Amino acid sequence: MIVRCFALLLAALLAGCSGTKVEYEEVEVGYRGAARQDPFLAANRLLKENGYTTNTSRRLRDCLTQTGTLITPLQSFNNHGETDDVVAWTKRGGHLVLILAGGESWRDDWTRFDLKTLWEFFKKREVAEQSRLLKALEIKSVSEREQKDTAVKVGKRRMSCSLTGRITFEHLPTRPDGNAGEKDEPSFISYRLGGGRVTLLAHAHPWRNRYIGDSDHAEMFSAVIGMGRADIVWFLNGVRISFWTMLWERAWLAIIALALLLVVWLARYLRRLGPVGLLKSASARDFSDHLLLTGAFLWRHRQADALVAPVRNAIHTAARRRGWSVMDDEFFAHIAATSGLKAERARAILASGSPHEPHAFRFLMQDLRKMLDALGG
């Protein structure tokens with residue numbers, strides 16, 4: 001009965017759908033996979049097609065092993081101060097292509113958020129965090145400004161690109177080999193630094209996967225890379241380094257010294273090395289040896305009272321057994337008569353503390369032993 005009712009209901013629904021018009025709408029959802037994770041994947045493949053050797057890394061030290069071209073967003077310098085290394089590498093002949101904003105791998109070019117809002121939010125964070133590198137390159141500030149069909153000059157080549165942002169310098173580099181935008185506040189500039197070259201792009205917009213095929217963006221990118229001396233190109237996108245890796249890179253000499261010190265300390269204070277062996281019968285000690293070791297231990301730790309107390313207690317016990325008290329004159333008279341100690345000496349021995357000087361301690365123990373023998377202990 002239930003199956004029959006369900007079949008009738010389904011038939012009624014299908015009958016009501018007859019004549020319904022279906023419309024399809026195409027919606028762009030953006031890149032997925034490798035292109036979503038790497039915003040410069042298309043630029044990387046373009047270089048490979050042109051015969052360049054490309055590498056992608058998250059460790060700046062890997063990129064500075066040889067002279068070539070290093071393409072990196074400014075955000076790669078968040079975690080540790082590598083400014084001195086990258087500037088020195090550039091002056092030795094490297095080509096530093098630095099993207100000041102918009103090069104983050106998390107950024108989605110199809111996002112519905114306002115680009116200007118995102119820019120203002122991250123600009124306040126990033127300019128403060130990478131201020132050391134910006135100062136080394138004499139960059140005063142980076143601001144957002146959209147431009148359309150900007151004339152770009154790279155060497156003797158002229159192109160038309162859509163650029164975003166502008167760069168303000170403390171001292172504008174003289175005779176740049178490439179520039180775009182206003183003369184005093186360019187959106188793109190390339191100039192010599194020592195024996196190498198620095199290329200600055202205010203915003204990564206023209207070189208990201210979605211836009212590199214527009215206008216002359218791909219041509220501009222190829223021309224910029226062609227200004228480098230070597231055919232090897234490194235892509236550094238978001239440096240990630242653990243605390244222990246950074247510690248080893250920066251303080252390996254101190255770590256080795258501490259490790260050696262630890263080995264020496266263990267060798268000094270760990271008396272036993274290896275498993276515990278069976279005790280040989282020939283090495284067994286007499287009870288008197290144990291007493292001697294115990295007494296030496298107590299004396300070394302300044303516990304003389306623990307050594308004297310048992311003998312004094314034995315004297316008290318022997319005196320009570322004879323019906324005396326250690327405060328009775330008859331007791332001290334007996335001690336003087338049998339041991340040869342004067343009564344005043346015996347009274348002082350029982351009332352005084354334990355000395356910590358070896359000779360005084362030895363004499364005290366000898367006198368106590370005489371008193372105990374006099375009582376028959």
Side-chain angles (χ1 to χ4, degrees), residues 60 63-64 67-104 116 119-120 122-147 150-159 161-207 220-221 223-230 234 236 239:
L60 179 61
C63 306
L64 305 183
T67 303
T69 300
L70 173 61
I71 304 174
T72 175
L74 182 62
Q75 292 74 27
S76 294
F77 297 87
N78 278 343
N79 292 343
H80 59 294
E82 300 285 359
T83 298
D84 297 337
D85 293 341
V86 74
V87 171
W89 174 83
T90 303
K91 291 181 178 180
R92 290 195 303 267
H95 183 191
L96 174 63
V97 181
L98 185 63
I99 302 171
L100 300 183
E104 305 91 346
K116 185 175 182 180
W119 175 269
E120 292 297 331
F122 285 101
K123 181 181 68 174
K124 295 177 181 179
R125 289 184 57 230
E126 293 166 356
V127 169
E129 291 174 349
Q130 291 91 29
S131 58
R132 187 180 180 190
L133 182 57
L134 295 178
K135 185 177 180 180
L137 299 176
E138 297 187 348
I139 298 175
K140 186 176 181 180
S141 64
V142 183
S143 57
E144 183 270 342
R145 181 190 58 183
E146 293 186 4
Q147 304 178 37
T150 304
V152 178
K153 177 185 176 183
V154 181
K156 296 182 179 181
R157 302 172 63 179
R158 295 184 180 274
M159 292 152 281
C161 302
S162 299
L163 303 182
T164 299
R166 56 186 177 182
I167 310 168
T168 304
F169 290 88
E170 295 283 354
H171 302 285
L172 192 67
T174 57
R175 300 181 62 183
D177 300 320
N179 58 3
E182 297 181 6
K183 181 179 179 180
D184 297 334
E185 293 182 327
S187 301
F188 158 78
I189 190 170
S190 182
Y191 58 92
R192 305 289 299 182
L193 181 64
R197 173 176 299 277
V198 173
T199 298
L200 302 174
L201 185 66
H203 196 277
H205 171 85
W207 294 351
M220 172 192 175
F221 178 74
V224 168
I225 302 303
M227 300 175 76
R229 293 183 179 181
W234 286 90
L236 179 68
V239 170

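Bear in mind that the values here come from a model prediction, so they are computed numbers and not experimental data.
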Taking the side chain as C-beta and beyond, is there a heavy-atom pair between [X] and [Y] under 4.5 Å?
X	Y	answer
W207	L201	yes
P173	I189	yes
L96	L200	no
P186	R166	no
V154	N179	no
E185	F169	no
L74	L134	yes

Work out which heavy atom in [X] is nearest to a heavy atom in [Y]; give both atom names and the distance.
X	Y	answer
K183	L172	O-CD2, 3.3 Å
P206	S162	CB-O, 4.0 Å
A204	G102	CB-O, 3.4 Å
S190	M227	OG-CE, 3.7 Å
T67	A230	O-CB, 3.5 Å
A180	V152	CB-CG2, 3.7 Å

Distance (rounded to the nearest 0.5 Å) between [X] [atom1] and [Y] [atom2]:
X	Y	atom1	atom2	answer
W234	T69	CH2	OG1	12.5 Å
L137	L98	CG	CG	6.5 Å
E170	K135	CD	NZ	9.5 Å
T72	L70	OG1	CG	5.5 Å
S187	I167	OG	CD1	7.0 Å

Residues F221, V97; criterion side-chain contact (heavy atoms from CB on, under 4.5 Å); working and verdict: CA-CA 10 Å; F221 178 74; V97 181; over 6 Å; no
With sequence neighbours left out, which residue pairs that include part of residues 87-102 fulfil the side chain to side chain donor-acceptor pair (under 3.5 Å) condition? H95-T199
Ring pair (Phe, Tyr, Trp, His ring centres under 6.0 Å) partners of H205, counting only residues at least two apart: Y211
Please determine if D177 and R197 form a salt bridge, counting it only when a charged side-chain N lies under 4.0 Å from a carboxylate O. yes
